[in-house]
Amino acid sequence: SGAKVGQTEPPRVGLSKLFPDGVYPEGELQEYKDDNIWRTTSEEKRAAERAAMEDPSLTYQNIRRAAEVHRQVRAYARKAIRPGMRMMEIADLIEDGTRALVEESGLESGIGFPTGLSLNNCAAHYTPNAGDTIVLQKEDVLKVDIGVHVNGRICDSAFTLTFEPTYNNLLEAVKAATNAGIREAGIDARLGEIGAIIQETMESYEVEVGGKVLPVKSIENLSGHTIVPYMIHGGDRGKSVLLVKNNDQTRMEEGEYYAIETFGSTGRGRVVESGDCSHYAKIYNAPHTPLRLQTAKSLLKTINKHFDTLPFCRRYLDRLGESKYLLALNHLVAQGIVQDYPPLCDQRGAMTAQFEHTILLRPTVKEVISRGNDY
Ligand SMILES: O=S(=O)(c1cccs1)N(Cc1ccc(F)cc1)Cc1ncn[nH]1
Ligand SMILES: [Mn+2]
Ligand SMILES: [Mn+2]
Ligand SMILES: [Mn+2]
């Protein structure tokens, strides 16, 4: 029928039903600045872009489909996440939506990486493991970091949720810093220059908590990063975008995908690995050392089959029927075959916030692919 099929609540209608022609919404466009302004009207660059549009592997439709799934899932998450919910419930709520809308299918489309749900002084890489009984509190500052991929093109975007106004200025600082970083990004932009702009924006804010005025600090050992198919941090040739002033003269290049993410903190402005690990990913050019531990060999087979180099978490192994895998998993980490990504936390009592978007440096224009009307 010609009837317009709409999204349900909770979201369960696959996007190919909402976009039958396979054309997904373009993100926010920002023209390149200064000595790259010529790209906006360059015939040569327009031709390069048309070629990229048509190339099935490069096609922009994959990443735009992932971004539209991201927008629809996060819109529901922002409405449905409430204090009193267990972290496990929140993770399932988001991941059930993602799997349904992206129409999960093996390694062709699915969750891009474990749903980050880091709380308070923890900034990144926390998601509940089985048995986690943590309940969201109304004073909490929750970073929701959602990954969606289509044919390995990963949309990596995150926002921060609060349920009372205490840390509003912290969230404003981080949102402003991320948008400043996105504006500064572009073909030929130097990574060190972007870091300086991010830090300058972030640290022009302060937060008043319990009568004390706290400066907002850029977290100096977290960063934005390049994204390549099936590899969330661009593999061993990946580039990082620091959040503080630095002298990295490396430049951004045409055709690169970046996750531009910033983190602000009322604490030290530095994170350390803390708590049980949940996030893991097979290392790209991992050594093919012969594994003698049978359980490690069979776990690696499961990882290769279901994740390849996409990050995964223990809950994803549980749902595949793996059990008693911890020794094997730790063995794969010790052998340098799998990388562990433990939660990254600032000091106790600190509060951290995050905003993140995925951008694409097209030949003629910068596209903020994951931009929505929410952030
Ligand atoms: O901190 S990172 O490891 C990194 C930053 C620069 C080079 S590698 N990381 C990549 C990542 C690692 C594991 C995941 F499960 C998902 C992503 C950034 C990030 N985490 C969440 N969103 N974005
Ligand atoms: Mn992220
Ligand atoms: Mn990221
Ligand atoms: Mn480690």
Side-chain angles (χ1 to χ4, degrees), residues 63 66-67 70 73-74 77 91 94-95 98 110-118 122-129 142-149 152-160 174 178 181-182 185 191 194-195 198 218-228 230-244 246 248 250 256-263 270-274 277-284 303 307-317 329 333 338-346 352-360 368-370 375:
I63 190 68
H70 198 286
V73 169
R74 78 198 194 206
I94 290 169
E95 293 170 2
T98 300
I111 292 173
F113 52 81
T115 305
L117 294 171
S118 304
C122 282
H125 300 164
Y126 162 85
T127 199
N129 289 327
L142 172 66
K143 278 67 71 182
V144 183
D145 199 335
I146 301 172
V148 186
H149 88 89
R153 295 290 176 181
I154 306 166
C155 180
D156 177 6
S157 179
F159 59 98
T160 300
V174 181
T178 296
I182 290 170
L191 302 185
I194 299 170
I198 286 171
S218 243
I219 297 185
E220 63 187 23
N221 59 339
L222 286 175
S223 64
H225 51 96
T226 42
I227 307 175
V228 298
Y230 295 97
M231 287 203 288
I232 184 65
H233 45 68
D236 43 5
R237 286 196 315 286
K239 298 176 184 175
S240 294
V241 184
L242 286 177
L243 313 185
V244 292
N246 67 88
D248 188 347
T250 311
E256 288 182 323
Y257 287 81
Y258 280 88
I260 302 292
E261 58 190 299
T262 73
F263 294 82
R270 186 169 179 73
V271 290
V272 295
E273 297 182 349
S274 165
C277 190
S278 56
H279 289 47
Y280 301 86
K282 193 175 77 166
I283 291 171
Y284 177 56
I303 293 167
F307 310 114
D308 189 11
T309 47
L310 288 173
F312 60 94
C313 62
R314 295 192 200 175
R315 285 184 292 110
Y316 300 170
L317 297 176
L329 184 53
V333 170
V338 165
Q339 177 66 54
D340 59 339
Y341 294 90
L344 300 170
C345 307
D346 198 327
T352 65
Q354 174 195 21
F355 282 92
E356 174 174 33
H357 275 299
T358 295
I359 70 172
L360 166 57
V368 187
I369 301 167
S370 49
Y375 68 94

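In what follows, every heavy atom counts, from backbone to side chain, and hydrogens, waters and symmetry copies are set aside. In each ligand, atom 1 is the first atom listed, and ligand 1 is the first ligand listed.
- Taking the six-membered ring for Trp, H357 and Y375 have ring centres closer than 6.0 Å.
- Residue H225 approaches ligand 1 through these ligand atoms, each under 4.0 Å from one of its heavy atoms: 6 (C), 7 (C), 18 (C), 19 (C), 23 (N).
- The only member of T127, T115, N129 that meets side-chain hydrogen bond (donor to acceptor under 3.5 Å, both in side chains) when paired with R315 is T127.
- To the nearest 10 degrees, the angle centred on the Mn ion (ligand 3) between OE2 in E356 and NE2 in H225 reads 130°.
- The nearest N, O or S atom of D145 is not closer to the Mn ion (ligand 3) than 2.8 Å.
- Interface atoms of ligand 1 facing H233, defined by a heavy-atom separation under 4.0 Å, are 7 (C), 8 (S).
- Among protein heavy atoms, atom 17 (C) of ligand 1 sits closest to I232 CG1, 3.5 Å.
- Between D308 and K282 there is a salt bridge, since a side-chain N of the basic residue sits under 4.0 Å from a carboxylate O of the acidic one.
- Protein heavy atom at the shortest distance from atom 9 (N) of ligand 1 is H125 NE2, 3.7 Å.
- Closest to atom 12 (C) of ligand 1 by heavy atom, among F113, F263, Y280, Y341, is Y341.
- Not one N or O of S240 is nearer than 3.5 Å to an N or O of ligand 1, by distance alone.
- Under 4.0 Å from ligand 1, not a single heavy atom of L222 appears.
- Using a 4.0 Å heavy-atom cutoff, P114 is listed among the residues neighbouring ligand 1.
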Exercise for review: Kindly indicate, with the supporting measurements, whether the criterion side-chain contact (heavy atoms from CB on, under 4.5 Å) is fulfilled by L242 and S223.
Suggested key: CA-CA 5 Å; L242 286 177; S223 64; 4.1 Å; yes
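- Looking at H279 and D340, their side chains never come closer than 4.5 Å, going by heavy atoms from C-beta outward.
- Checked against the Mn ion (ligand 2), the N, O or S atom of D156 at the shortest distance is OD1.
- Close approach of ligand 1 to D156 (heavy-atom distance below 4.0 Å) involves ligand atoms 22 (N), 23 (N).
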**Study point:** Residues I227, H233; criterion side-chain contact (heavy atoms from CB on, under 4.5 Å); working and verdict
**Key:** CA-CA 5 Å; I227 307 175; H233 45 68; over 6 Å; no
Point to revise | Step-by-step side chain to side chain donor-acceptor pair (under 3.5 Å) determination, H225 to Y257 | key: CA-CA 9 Å; H225 51 96; Y257 287 81; over 6 Å; no
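- One side chain, E95 or Y316, offers a donor N or O that lies under 3.5 Å from an acceptor on the other.
- The ligand atoms of ligand 1 that sit less than 4.0 angstrom from a heavy atom of E356 are 22 (N), 23 (N).
- When non-hydrogen atoms are compared, ligand 1 lies under 4.0 Å from the backbone of S223 as well as from its side chain.
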**Study point:** Pair I154-L310, side-chain contact (heavy atoms from CB on, under 4.5 Å): steps then yes or no
**Key:** CA-CA 9 Å; I154 306 166; L310 288 173; 3.7 Å; yes
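- Of all the atoms in ligand 1, the ones that sit under 4.0 Å from a non-hydrogen atom of P311 are 14 (C), 15 (F).
- Between the side chains of T178 and T262, at least one donor-acceptor pair of N or O atoms lies under 3.5 Å.
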